[in-house]
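Written below as structure tokens is the structure these notes are about.
Hydrogens, waters and symmetry mates play no part in the numbers below; they use all other heavy atoms, side chains included.
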Amino acid sequence: TDSKDFNKARCIHASRLPEYRKPFGARPTASCVDIFFDTYREASNVTFCYTYGLYNFTYHEEPMYKVSDEGRYHVNLMLPSESSVLFYWFRFNCPGYVEDLPDGMRTGDGRYLTLYYAAALDTPNGEGTLYMEPPKVGANEDKYPYAFQITVYNKEFKTPDFLKGAMIYQIFPDRFSRDSSFDYEKMINTDNRSERIYHEDWYEDVDTKGKPETGYLACDFYGGSLKGIEERLDYIKDLVINVLYLNPIFEARSSHRYDTADYLNADPILGGTEAFLSLEKACEKKGIKIILDGVFSHTGADSKYFNKFDRYEGVGAYKAFNEGCESRYRSWYNFSRNPDGSVGYESWWGFPDLPNINEDDLSYRSFIFGEDGVVDTWISRGASGFRLDVSDELPDSFIRQMRQTVKEKTNGQGAVIGEVWEDASNKYSHGEQRQYLMGNELDGVMNYPFRTAAIAYLLGGDASAFRDV
């Protein structure tokens with residue numbers, strides 16, 4: 001869109017258009033950006049305001065240079081040398097009688113106003129709007145008024161080649177496909193825990209109640225397996241799929257397997273680790289990569305690490321705390337005593353079946369990142385990376401170590417993808433600006449905002465709104 005299409009009498013900065021911000025988009029560290037701002041001819045003291053950082057933001061101002069008598073201003077900005085988020089807006093003085101001012105800002109008494117021009121939501125070309133106060137961007141502020149944003153990423157940042165332009169197929173293993181030798185009785189006898197429900201009929205409704213004595217535990221199984229996936233690879237390849245993203249395959253009590261019981265082995269009901277090795281070999285022949293779902297913010301209560309129900313050999317963390325004995329896993333979890341003397345512990349969103357992990361514990365990090373640890377084991381088995389479940393629950397330092405370890409084990413070509421539900425470029429969680437897309441952590445995210453926009457468009461939304469996501 002040419003700048004002549006805009007009314008020069010009014011105030012405007014359109015962050016998506018090259019005549020206002022060049023180049024557009026996230027930018028590498030220490031690069032330069034030209035920023036232009038059109039404002040009222042009567043405006044004075046036009047100032048470019050910005051703040052940047054991660055843990056702490058610093059605030060700065062620069063006078064803008066007038067490049068047109070019509071009221072066009074310019075600043076050339078060298079971006080920070082370290083990855084960060086930079087927020088910016090414009091401040092200027094203006095007589096209150098300017099006709100193009102919004103009614104709520106216009107005055108007729110000749111007074112000068114101090115106005116701020118900052119971002120607005122859902123504008124086609126990133127146009128902003130006028131405010132009477134500056135934007136708020138701090139971790140504990142309400143983020144209104146909105147600021148324009150530049151994501152400043154590490155200029156050395158490289159993403160895996162196999163992800164570029166790839167078609168990724170997500171599979172929930174239990175419900176994708178049984179293998180041709182499926183045996184219902186064998187499935188039951190593989191691990192016949194009392195709370196489990198096994199479906200002989202593949203088309204039977206999913207259980208939503210559980211057994212009367214336990215209630216719902218997501219413990220109903222249909223018998224989908226890794227071998228079942230392998231037998232369908234021709235179908236998958238015909239869909240022009242390049243990457244399989246598998247929901248958790250590690251041994252667990254539930255069918256969703258987000259309650260990990262053993263990080264180092266595939267679930268026996270899925271065919272075990274041997275079945276994964278066979279699947280990976282078959283995928284390699286077809287040029288298909290595998291990304292595994294890694295659940296590292298919590299484990300299952302029914303696991304070899306927590307072992308609340310004594311189903312696994314050895315002393316788990318629960319027994320170690322309750323009885324005062326030793327366990328290598330004790331420091332992974334945070335325990336307390338309830339008023340009645342029973343054991344209390346931190347759990348994911350209060351679900352007792354999902355005890356939280358202390359991700360800063362160095363023995364846990366050694367188990368995940370060390371030699372023969374979780375990352376080392378699965379990369380050596382052929383996995384091409386991990387999708388990190390609930391990335392918001394993982395410390396930035398944990399994600400950075402995950403990235404470093406995956407890259408070292410894969411000659412830089414392994415992938416680390418995060419589950420982030422909001423805009424990952426400026427996400428706040430636990431009182432901090434997150435660093436997902438700064439070039440030190442994630443190669444990509446699940447991009448749920450795009451998912452929401454795509455579904456809205458397919459259900460009758462307009463193309464321009466979809467384009468602007």
Looking at Tyr50 versus Tyr59, is the centre-to-centre ring distance below 6.0 Å? no
Atom NZ of residue position Lys164 - does it have more than 12 heavy atoms of other residues, nucleotides or ligands inside 6.0 Å? yes
Less than 6.0 Å separating the ring centroids of Phe276 and Trp378? yes
Assess whether a salt bridge exists between Arg193 and Asp302, defined as any Lys/Arg side-chain N lying under 4.0 Å from an Asp/Glu carboxylate O. yes
So, Tyr245 and Arg387: side-chain donor and acceptor under 3.5 Å apart, yes or no? yes
Using the six-membered ring of Trp202, assess whether NZ or CZ of Arg175 lies under 6.0 Å from its centre and within 45 degrees of the ring axis. yes
Any donor-acceptor N or O pair under 3.5 Å, side chains Gln149, Asn426: yes
So Phe148 and Trp89, ring-ring contact (aromatic ring centres under 6.0 Å, His included) or not? Walk me through it. CA-CA 6 Å; Phe148 296 106; Trp89 57 95; 9.6 Å; no
When His13 is tested against each of Tyr117, Tyr88, Tyr116 for ring-ring contact (aromatic ring centres under 6.0 Å, His included), which residue passes? Tyr88
N-O pairing of Asp360 and Arg365 below 4.0 Å: yes
Does the side chain of His199 come under 3.5 Å of the side chain of Asp220 through a donor N or O and an acceptor N or O? yes
Indicate yes or no: does Lys304 engage Glu251 in a salt bridge with an N to O separation below 4.0 Å. no
Determine whether more than 12 heavy atoms belonging to other residues, nucleotides or ligands lie under 6.0 Å from atom NZ of Lys186. no
Can you confirm whether Gln170 is buried at CD, in the sense that more than 12 heavy atoms of other residues, nucleotides or ligands lie under 6.0 Å from that atom? yes
Between Tyr329 and Lys319, do the side chains contain an N or O donor and an N or O acceptor separated by less than 3.5 Å? no
Pair Tyr258-Trp348, ring-ring contact (aromatic ring centres under 6.0 Å, His included): steps then yes or no: CA-CA 11 Å; Tyr258 285 94; Trp348 187 78; 8.8 Å; no
Can you tell me if CZ on Phe351 sees more than 12 non-hydrogen neighbours from other groups inside 6.0 Å? no
Using the side chain to side chain contact (heavy atoms under 4.5 Å, CB included) definition, which of the options Leu292, Ile291, Ile168, Ile229 pairs with Leu244? Ile229
Within 45° cone of Tyr235 ring axis and under 6.0 Å: Arg232 NZ or CZ: yes
Step through it carefully: locate the ring centre of Tyr364, locate the ring centre of Tyr333, and say whether they are under 6.0 Å apart. no
I'd like to know if Glu284 and Lys281 make a salt bridge, using a cut-off of under 4.0 Å between side-chain N and carboxylate O. no
Does atom CG of Asn411 have more than 12 heavy-atom neighbours, drawn from other residues, nucleotides or ligands, at distances under 6.0 Å? no
Set out, in order, the CA-CA distance, both residues' side-chain angles and the distance that settles ring-ring contact (aromatic ring centres under 6.0 Å, His included) for Tyr144 and Tyr146, then state yes or no. CA-CA 5 Å; Tyr144 181 87; Tyr146 312 106; 5.2 Å; yes
Looking only at the side chains, is there a donor atom on one of Thr299 and Tyr263 sitting less than 3.5 Å from an acceptor on the other? no
Pair Ser254-Asp259, side-chain donor/acceptor within less than 3.5 Å: yes
With a 4.0 Å cut-off, would you call Asp234 and Lys237 a salt bridge? no
Please determine whether ring-ring contact (aromatic ring centres under 6.0 Å, His included) holds for the pair Tyr318 and Phe306, giving the CA-CA distance in whole Å, both sets of side-chain angles, and the decisive distance to 0.1 Å. CA-CA 5 Å; Tyr318 185 88; Phe306 201 78; 5.7 Å; yes
Does a sphere of radius 6.0 Å around CD in Glu274 hold more than 12 heavy atoms from other residues, nucleotides or ligands, not counting ones at 6.0 Å or beyond? no
Is any side-chain N of the basic residue among Glu441 and Arg403 closer than 4.0 Å to the acidic one's carboxylate O? no
If you measure from the Lys or Arg side-chain nitrogens to the Asp or Glu carboxylate oxygens, is any gap between Arg257 and Asp174 under 4.0 Å? no
Would you mind checking if Arg178 and Asp183 are paired as a salt bridge, meaning a charged N to carboxylate O distance below 4.0 Å? no
For the pair Glu422 and Lys143, find out whether any cationic side-chain nitrogen is under 4.0 Å from an anionic carboxylate oxygen. no
